[in-house]
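Because the structure is predicted, anything quoted here is derived from the model rather than measured. Each chain gets a letter, A, B and so on, in the order the sequences are listed, and its residues count up from 1.
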Protein chains: 2
Amino acid sequence: MNQLSSVTPVANGHAVTPSARAPEPARCSLPLGSAMICGGARNREDRAPDSKVLTGCAPGQDVWFIRSGILRLQRHAYDGHRQILSLFFPGEIVGFDRQFGGEISIEAATQSSLCRIDRRMFQTLVDEDSTLRADFFRQKQDQLERLHWLTWSLAALGPDERLCALLALSTRIMPYQPLSDGTGVLSVQLPRKDIADLLGTTVESISRIVHRLAGARIIEIIDPAHFRLLDLPGLAARGQIDSIFEKMTFGLANRRSQLEHVAAPAATDPVCLCGRQAGLLTPVNDRRAASDILV
Amino acid sequence: MNQLSSVTPVANGHAVTPSARAPEPARCSLPLGSAMICGGARNREDRAPDSKVLTGCAPGQDVWFIRSGILRLQRHAYDGHRQILSLFFPGEIVGFDRQFGGEISIEAATQSSLCRIDRRMFQTLVDEDSTLRADFFRQKQDQLERLHWLTWSLAALGPDERLCALLALSTRIMPYQPLSDGTGVLSVQLPRKDIADLLGTTVESISRIVHRLAGARIIEIIDPAHFRLLDLPGLAARGQIDSIFEKMTFGLANRRSQLEHVAAPAATDPVCLCGRQAGLLTPVNDRRAASDILV
DNA sequence: CGCTTAATTGACACCAGTCAATACCCGTGG
DNA sequence: CCACGGGTATTGACTGGTGTCAATTAAGCG
């Protein structure tokens, strides 16, 4: 237990790139297809948890690139019931699709850092750059697959199985510290309420299930947001995602590590690469000009 | 009751284009974006209910265009439980996306008529023709929206509300004969089991709900597959789709009527139009050559 | 130290799934 | 014409899980 507390600090800070929290990194370049998204400080926006990113009402002239944090796509029923339809993770683009109805919206689930992209600019890029298009397609496919899973599990699985699946998946999308004995410590960044609304259940049930899993020696509760997963394969099996685990998490983990590679050595050189085609990357020193290519 | 029986014949025949059942129409041209899909008889395939169209295992080198009928996207749990994730309707393209996992598959839910399209050919067309791409995008958007609805309703709505929503939506995707008094007769083409597996419930519950609705004078049961909807707006409201009803059914009804216009006057002239860009439609008399453009 | 918020635990009712039996429809074949 | 059989729909009785409501505890914060 005490040895675990030495690991937990990973949980602090926000989503994926702790370095982004540093005061004004001022410039960054983010990979997307063969293009680089160059967001100057003026194109970046930090969002606090529960703040709105896109609502159905607002025209939403912008597309958003997620630098860090987790966004949630949600819809409310007449009685106020909220259901989370999907989560969006670092490296993904949101807001390009058709305007949602008035009842659907995207909000920040955790502290997030976004990068604003002009809609028409992005449209143009997608039309011109087939590599970007392919990459964007792949994102859509990933998101679709996640939605398929959620839909299926809501109807075919029990709440406990759904939570097991989520915990297993979380090892790839949230801070997870593997230990030498095969177990690992997971930092759950999603509020309990969000987990409940995503899995179509209640916070009370989540709490009961968590403690039930702890009783069955499948997990160990460090604190309400940190669990030690004693049997990750077992979790995946209970959630019936063992056969698709790799496939579902591949794209996610990929984009995440890509972002980390970019964000990590950010303290070295102010040069920002921008290009629209593979092999045609253009080094740009003036960050204002660079950020204008892809607002 | 007797006046209703004079209406029900609409229910017979299969899905949407009864004329397609005629012996060997041999040629047809179907609109998709600015292109026309010209399926000669050898590219067409009729599928019986429950026959497989795409499985995760099979490489599936082909893309399918739905001429008539309803296809279902489904997945099985370990215990055999089946969940239908989505339905596909006439005018839509399936099979272009990433290969599914082994557990997911597409089958015919009703008697269906499909049109086989070579994958690479379609890929090329999508890359070249931005209008087709836009149309294809719109299809994907529609499908995504339906999936969003299903996901949301599985968690936020009760089984009865889900059925109400499905009935309301069905007036746009299944034979529906409006009557002068504002009511109308709906022919449900989906087997009871499919309805249950789509809405995440059981056939027993479906039966109970149907009779409950009849008791509440919201519908009238003509026979297990034909209902007289006494209060369509009420149904939509119960299903909480009243505010998005038009939006959700627009694309579907659109494609359906498009297909009917094409299929209806099929007995006139053997000329088959094929073209890749708007305004560049090329009349082709040799149907073999025509069908080769887009196999 | 008292406030607010989140997490937990308990008691309870009710809905919906399960299982089993029956009714119904629609072929076939006698 | 009726008897038979297979599939589907319906109905009933029962039970278990899960939501709901309420109370308690724990934790963060001024």
Enumerate the side chain to side chain donor-acceptor pair (under 3.5 Å) contacts for residues 149-164 of chain A, please, sequence neighbours excluded, ordered by first and then second residue.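 Of all non-adjacent pairs touching residues 149-164 of chain A, those that pass side chain to side chain donor-acceptor pair (under 3.5 Å) are T151(A)-T151(B).
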Could you tell me how far apart [X] ([atom1]) and [N] ([atom2]) are, to the nearest whole angstrom?
X       : N       : atom1 : atom2 : value
D194(B) : dT8(D)  : CG    : C1'   : 13 Å
D160(B) : dC14(C) : CG    : P     : 16 Å
R212(A) : dA7(C)  : CZ    : C1'   : 16 Å
D223(A) : dA6(C)  : CG    : P     : 16 Å
H211(A) : dG10(C) : NE2   : C1'   : 14 Å
I221(A) : dA7(C)  : CD1   : C1'   : 11 Å
K193(A) : dT8(C)  : NZ    : C1'   : 16 Å
H226(B) : dT8(D)  : NE2   : P     : 17 Å

Terminal axes of the helix from dC1(C)-dG30(D) to dC26(C)-dG5(D) (five pairs each): angle between them, nearest 10 degrees: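 Taking five pairs per end, the axes differ by 30°.
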Applying side-chain contact (heavy atoms from CB on, under 4.5 Å), name anything that partners [X], two or more places apart in sequence or on another chain.
X       : value
A108(A) : R47(A), S51(A), L71(A), S112(A)
A168(A) : L232(A), L235(A), A236(A), I241(A), F245(A)
A237(B) : D242(B)
R72(B)  : D50(B), Q74(B), R82(B), I84(B), L87(B), E107(B), A109(B), D194(B)

Applying salt bridge (charged side-chain N to carboxylate O under 4.0 Å, His left out), can you list everything that pairs with D79(B), at least two apart in sequence or on another chain?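 Expected list: none.
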Restricting to salt bridge (charged side-chain N to carboxylate O under 4.0 Å, His left out), what partner residues turn up for R172(A), sequence neighbours left out?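 So R172(A) forms a salt bridge (charged side-chain N to carboxylate O under 4.0 Å, His left out) with E246(A).
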Taking D181(B) first and then R228(B), would you say they form a salt bridge - that is, a charged N and a carboxylate O separated by under 4.0 Å?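 Here D181(B) pairs with R228(B) in a salt bridge, since their nearest N and O are under 4.0 Å apart.
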Electrostatic pair E92(A):R146(A) at N-O distance under 4.0 angstrom: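 Yes.
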Does R192(A) have a side-chain nitrogen or oxygen under 4.0 Å from the phosphate oxygens OP1 or OP2 of dT5(C)?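 No, no such contact exists.
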When you check every protein heavy atom under 4.0 Å of nucleotides 19-30 of chain D, what one-letter string (B, S, -) results, 5' to 3'? SBB---------
